[in-house]
Number of protein chains: 2
Amino acid sequence: MRSKEPGQLNQLIAERRCIRRGDALFRAGDPFNSWYAVSTGSLKSTVASLDGRAQVTGFYVAGEVVGWDGIHTGKHSFDMVALEDTEVRVLPYRQLESGARLLPALHTDLHKTMSREIVRDHEMMLLLGSMRAEQRLAAFLLNLAQRLKTVGRVNSGFTLQMTRAEIGSFLGLKLETVSRGFSRLARSGLIELNCRQVRIVNSLRLRRVLHATPAR
Amino acid sequence: MRSKEPGQLNQLIAERRCIRRGDALFRAGDPFNSWYAVSTGSLKSTVASLDGRAQVTGFYVAGEVVGWDGIHTGKHSFDMVALEDTEVRVLPYRQLESGARLLPALHTDLHKTMSREIVRDHEMMLLLGSMRAEQRLAAFLLNLAQRLKTVGRVNSGFTLQMTRAEIGSFLGLKLETVSRGFSRLARSGLIELNCRQVRIVNSLRLRRVLHATPAR
DNA sequence: CGGAAGTTTGAAGATACTCAAGCGCAGTGG
DNA sequence: CCACTGCGCTTGAGTATCTTCAAACTTCCG
């Protein structure tokens with residue numbers, strides 16, 4: 001779901017839709033009809049289990065495709081909520097399907113979009129299962145920076161559209177742990193941090209945080 | 001990748017292939033050609049990051065479909081290793097693609113197989129991010145029992161084909177923690193445990209372990 | 001401007017990890 | 001045949017990391 005949209009998807013004529021910050025693009029249980037290409041803004045996906053437990057399972061930014069969970073049940077399986085005012089292009093599944101039958105390249109694109117998400121999810125499982133707090137934060141920042149850079153933002157910094165609590169939920173940490181971790185990375189001179197505003201000062205050393213040290 | 005294979009997939013004529021315990025069905029970097037339907041036996045998938053870090057990201061049993069990571073790169077993105085002697089049916093991707101163009105139901109099946117995996121992965125991320133050790137173990141056992149039961153094994157017990165270390169890697173725990181957790185669940189009378197042999201004695205209370213208590 | 005929400009930081013406590021030792025089983029070779 | 005070795009499992013004691021609880025500060029938005 002986090003995938004860059006491949007070439008063919010870009011060329012589909014598609015209706016646009018705006019979602020206000022805090023509103024849902026769709027919710028768990030909603031009927032599944034379309035995929036969505038994020039034009040501007042950003043979103044989070046959240047799973048809720050039967051009991052109260054809930055977790056942010058992904059963040060999605062401009063240039064990525066979301067919404068194709070729930071093909072197999074016909075219903076969306078999680079909530080997709082806008083972190084800021086966001087615009088998406090609607091790609092009706094019916095059209096994608098028939099289009100794919102005529103245009104093999106599109107068919108492959110759809111599969112690529114999905115398989116890429118699997119790979120990312122497995123990387124995320126690796127992170128959640130084997131890294132300690134500060135490593136998770138470093139991985140998170142590097143990943144986000146990379147994804148934002150590719151859609152042409154300023155290289156030298158970006159804004160976190162999510163709260164510490166949301167980051168913590170995503171990374172399997174408490175919000176206090178996130179805060180402390182950021183503070184330490186800043187004190188060490190790896191990043192500059194002004195509340196939501198982040199700049200990666202020393203990406204080499206930040207990357208080294210990942211590789212170095214204990215596998216937990 | 002963990003998905004039950006839907007109807008159309010079952011009817012494809014397919015070559016069979018046997019994998020000895022410990023051998024790989026494919027490895028990260030191998031060219032991607034086929035999907036595989038597991039006939040008998042079981043497998044694990046493992047991701048390795050650039051540094052030494054590695055993790056089991058999934059277990060797969062008879063009736064499930066694996067191998068369609070790597071569509072987007074043309075190469076497999078992780079290793080798939082047999083936990084016991086295992087037989088799979090080979091479903092060449094070319095054939096699936098052309099078949100899907102003729103047979104819309106198959107096309108949908110492929111998508112279902114993939115979207116189901118996403119949903120499962122997100123559940124796994126929820127587990128890794130928000131549960132404590134004993135809850136993870138309970139979730140693991142319940143999930144595995146359910147998947148084995150549906151392919152017609154004895155209801156009253158099953159054999160773990162993986163080591164404690166592999167379970168730990170999958171659940172983000174150390175092998176000692178897995179061992180202690182199993183022992184406690186056994187002492188509490190929720191399960192019976194004889195090394196690799198497990199029986200869920202009180203599935204209600206085991207389920208309650210999940211729901212109860214702290215969200216970490 | 002004021003209240004609510006979000007962030008930072010400290011201190012105390014809990015969970016899971018590390019290190020370590022012992023047991024049992026399977027396969028190997030003397 | 002049986003000791004021997006390796007591997008996997010269990011259990012204990014001490015420790016590190018992360019969480020919990022709490023308080024104060026800042027930012028955002030109506």
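Chain identifiers are assigned alphabetically (A, B, ...) following the order of the sequence lines, protein sequences preceding nucleic acid strands; residue numbering begins at 1 within each chain.
Closest contact between the side chain of Ser179(B) and the listed nucleotides dC17(C), dT8(C), dT11(D) involves dT11(D). In this structure, of dT11(D), dA22(D), dT10(D), it is dT11(D) that holds the atom nearest to the side chain of Glu176(B). Comparing dT9(C), dC18(D), dC9(D) against the side chain of Arg196(B) picks out dC9(D) as the nearest. With distances taken from any side-chain atom of Thr177(A) to the nucleotides dT19(D), dC17(C), dT7(C), the minimum falls on dT19(D).
At whole-Å resolution of the value, NZ in Lys174(A) and P in dT15(C) are 14 Å apart. The CE-P distance, from Met131(B) to dT15(C), rounds to 17 Å in whole Å. Between the CG atom of Leu173(B) and the C1' atom of dT17(D) there is a distance of 15 Å, rounded to whole Å. Computed from coordinates, the Leu171(A) CG to dC18(D) C1' distance equals 14 Å when rounded to whole Å. Regarding Arg164(B), its CZ atom lies at a distance of 16 Å from the P atom of dC17(C), rounded to whole Å. Note: CD (Glu166(B)) to P (dC9(D)) measures 9 Å, nearest angstrom. Residue Leu137(B) contributes atom CG, which lies 12 Å from atom C1' of dA16(C) at whole-angstrom precision. As a whole-Å value, the separation of Leu193(A) CG from dG6(C) P is 17 Å.
Counting heavy atoms from C-beta on, the side chains of Leu110(A) and Trp68(A) never come closer than 4.5 Å.
Inspection of the Glu87(A) and Thr40(A) side chains reveals no N or O donor paired with an N or O acceptor under 3.5 Å.
Nucleotides of DNA chain D nearest to Arg187(B) and Asn194(A) differ in position, and the one nearer the 5' end is that of Arg187(B).
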Quiz item: How far apart are the C-alpha atoms of Tyr36(A) and Val90(A), what are their side-chain angles, what is the distance that settles it, and do they pass the side chain to side chain contact (heavy atoms under 4.5 Å, CB included) test?
Solution: CA-CA 5 Å; Tyr36(A) 305 92; Val90(A) 182; 4.0 Å; yes
Practice problem: Please lay out, stage by stage, how Met125(B) and Met125(A) fare under the test side chain to side chain contact (heavy atoms under 4.5 Å, CB included). | Solution: CA-CA 6 Å; Met125(B) 286 159 62; Met125(A) 287 159 62; 4.0 Å; yes
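Ser183(B) has a side-chain polar atom (N or O) that falls below the 4.0 Å cut-off from OP1 or OP2 of dT11(D).
Within 3.5 Å, a donor on the side chain of Arg180(B) pairs with an acceptor on the base of dT18(C), or the reverse.
Annotation for Ala24(B) and Arg17(B): closest pair O-NH2, 4.0 Å, computed over non-hydrogen atoms.
Arg21(A) comes within 4.0 angstrom of the backbone, heavy atoms only, and of no base.
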